[in-house]
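I have placed the structure first, in the form of structure tokens, so that the comments after it can refer back to it.
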Protein chains: 2
Amino acid sequence: MSPKPMARPGGRSARVQASVHAAVRELEAERGRAALTVPLVAARAGVTPSTIYRRWGDLQELLSDVAVERLRPDTEPADRGGLRADLTAWAEQFLDEMSSTAGRAYIRDALLGDPDGGNAGQCSAYAAAQVDLVLARAHERGEDGAPAREAIMDHVVAPIMYRILFRPEGLSATYARELVEQTLAGLPG
Amino acid sequence: MSPKPMARPGGRSARVQASVHAAVRELEAERGRAALTVPLVAARAGVTPSTIYRRWGDLQELLSDVAVERLRPDTEPADRGGLRADLTAWAEQFLDEMSSTAGRAYIRDALLGDPDGGNAGQCSAYAAAQVDLVLARAHERGEDGAPAREAIMDHVVAPIMYRILFRPEGLSATYARELVEQTLAGLPG
DNA sequence: CGGTTAAAAGCAATCCCTTTGCGTTAAGAG
DNA sequence: CTCTTAACGCAAAGGGATTGCTTTTAACCG
């Protein structure tokens, strides 16, 4: 439900959605998120405010949609030759991107205007898909004893997100490394 | 920083704060959170809207303050005679309370209007204090090998909160039990 | 390919939330 | 008790949020 379900996915509806999303990104970069209002976004996008209110409900839901788009990973996890190295590198990058000022803002926005939890679920699905890629590579290499996907979500991803949201002070790549080490304890490599 | 720092903690200021917080709780129960507006809360509290805007900034920050108050634990963790039993019981209750409709709403509100992260940090501190109480009891009993407080935050509390925020479907007390079991693996019990 | 239908966008008027300047009250200090 | 100033009340203006109605057009079906 990240882009709201469109009964009419083509033509004008699609153009309006793209135009509005682009307007949000532009104005966010130019004036900052605090200055965003629905009428401002509407004017930049070339639509009327009521169009946005009818499709997204309010500004927060619109920002939530845009935030989820920006949280979508744009690259596959790097292949460093082994599960431990792959997972460590991915976790470090994940923490680094998510704990940045921009990343935290996007996470908050994604959670914020999300009555049904669909957008938040999408964020989690992105991370899970990346983890699955790492695990699939390990499987192809014949590495045994890799943890389940859910174990990594619980013991690597979840602690990182918890710290970002609830205890933003003093986060570093070291923390991500430690979490991976604990989760992979007992594996060679 | 849950109740905003008051340069004048006594008398009228304190009365206004209490009155406004009470108004939020009453109206939330009567009409639901979606119906809350600053002028509505102000009228119930017997103050003018500008008072609320000047002290809290906007509705979200006010709701964030009220939410943190409601997330404060009102009882100590039950003493069931041993670390494993204590921690399991506490984790089950924590998940149960936090994953309820009301609990999720309070968590979201607490994160929502929280520019400096102070309110979110307070939520985490509440959980940490409860965990510390359980661990202190284990120490007094002479139980050895108990995990560090941070290990429990990372591997029990964090996964629970992550699931509540990002994957609300299919959460049950069983999940809390499993997390505790994994964290205490290897301990007698 | 037209013709039909209804979803989605435009328009405009209304409501009321938000913001701000200024005067008043009262908490805290000496 | 007096002084200072933070905090509150008041009121006006500005603008964002909401909604009924109309127009456009995407999608469907003969």
Side-chain angles (χ1 to χ4, degrees), chain A residues 1-24 26-28 30-66 109 112-116 118, chain B residues 1-24 26-28 30-66 109 112-115:
Chain A
M1 187 171 282
S2 171
K4 285 261 188 291
M6 279 186 293
R8 297 186 169 182
R12 184 168 67 167
S13 287
R15 277 197 304 277
V16 166
Q17 160 144 359
S19 172
V20 169
H21 278 221
V24 168
E26 290 171 19
L27 289 168
E28 206 169 348
E30 292 174 15
R31 310 193 189 184
R33 203 173 82 274
L36 295 188
T37 67
V38 170
L40 191 68
V41 171
R44 171 67 63 103
V47 300
T48 61
S50 63
T51 294
I52 293 181
Y53 287 117
R54 285 219 163 83
R55 260 183 79 162
W56 281 277
D58 61 15
L59 180 64
Q60 288 182 349
E61 291 187 42
L62 171 58
L63 291 180
S64 182
D65 277 357
V66 175
D109 281 344
L112 211 97
D114 193 19
D116 56 1
Chain B
M1 186 171 285
S2 172
K4 285 262 187 291
M6 279 186 292
R8 295 187 169 181
R12 184 168 66 166
S13 287
R15 277 196 304 277
V16 166
Q17 160 143 1
S19 172
V20 169
H21 277 220
V24 169
E26 291 170 19
L27 290 169
E28 207 169 347
E30 292 174 17
R31 309 194 189 183
R33 200 173 88 276
L36 293 187
T37 67
V38 170
L40 191 68
V41 171
R44 172 67 63 102
V47 300
T48 61
S50 63
T51 295
I52 293 182
Y53 285 117
R54 284 218 165 83
R55 257 182 82 164
W56 282 276
D58 61 16
L59 180 64
Q60 289 182 350
E61 290 188 42
L62 171 58
L63 292 180
S64 182
D65 277 357
V66 174
D109 281 345
L112 211 96
D114 193 19

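Residue numbers begin at 1 in each chain, while the letters A, B, ... track the order of the sequences. Computation of the quantities below employed the complete heavy-atom set of this structure, encompassing side-chain atoms and omitting hydrogens, waters and symmetry-equivalent molecules. All figures in this text were calculated on a predicted structure; none of them were measured in a lab.
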How many whole angstroms separate atom CZ of R12(A) from atom P of dT24(D)? 9 Å

Whole-Å distance separating the CG atom of L59(A) from the P atom of dC17(C): 18 Å

Under 4.0 Å, heavy atom to any atom of DNA chain D: which of residues 33-46 of chain A qualify? V38(A), P39(A)

Atom CD1 of I52(B) to atom C1' of dT20(C): distance rounded to whole Å? 17 Å

Distance check needed: dT20(C) P versus D58(B) CG, whole Å only. 13 Å

Checking dA7(D), dG10(C), dG9(D) against the side chain of T48(A) (C-beta onward), the nearest is dG10(C)

Gap separating the CZ atom of R31(A) from the CZ atom of R44(A), nearest 0.5 angstrom: 6.5 Å

Separation of dG16(D) atom P from L62(A) atom CG, nearest Å, is 15 Å

So how far is it from H21(B) NE2 to L63(B) CG, rounded to the nearest 0.5 Å? 9.5 Å

To the nearest angstrom, how far is R15(B) atom CZ from dA26(C) atom C1'? 9 Å

To the nearest 0.5 Å, tell me how far T51(A) OG1 sits from R12(A) CZ. 8.0 Å

dC11(C) base / S50(A) side chain donor-acceptor hit below 3.5 Å: yes

Report yes if the side chains of V41(A) and V38(A) come closer than 4.5 Å at any heavy-atom pair, otherwise no. no

Please say which of L36(B), V24(B), D109(B) ends up in a side chain to side chain contact (heavy atoms under 4.5 Å, CB included) with L62(B). V24(B)

Side-chain touch V20(B)/Q17(B), heavy atoms, less than 4.5 angstrom: no

Less than 3.5 Å between a donor and an acceptor, one on the side chain of R54(A) and one on the base of dG20(D), is that the case here? yes

Integer-rounded Å distance: dA9(C) C1' and R55(A) CZ: 10 Å

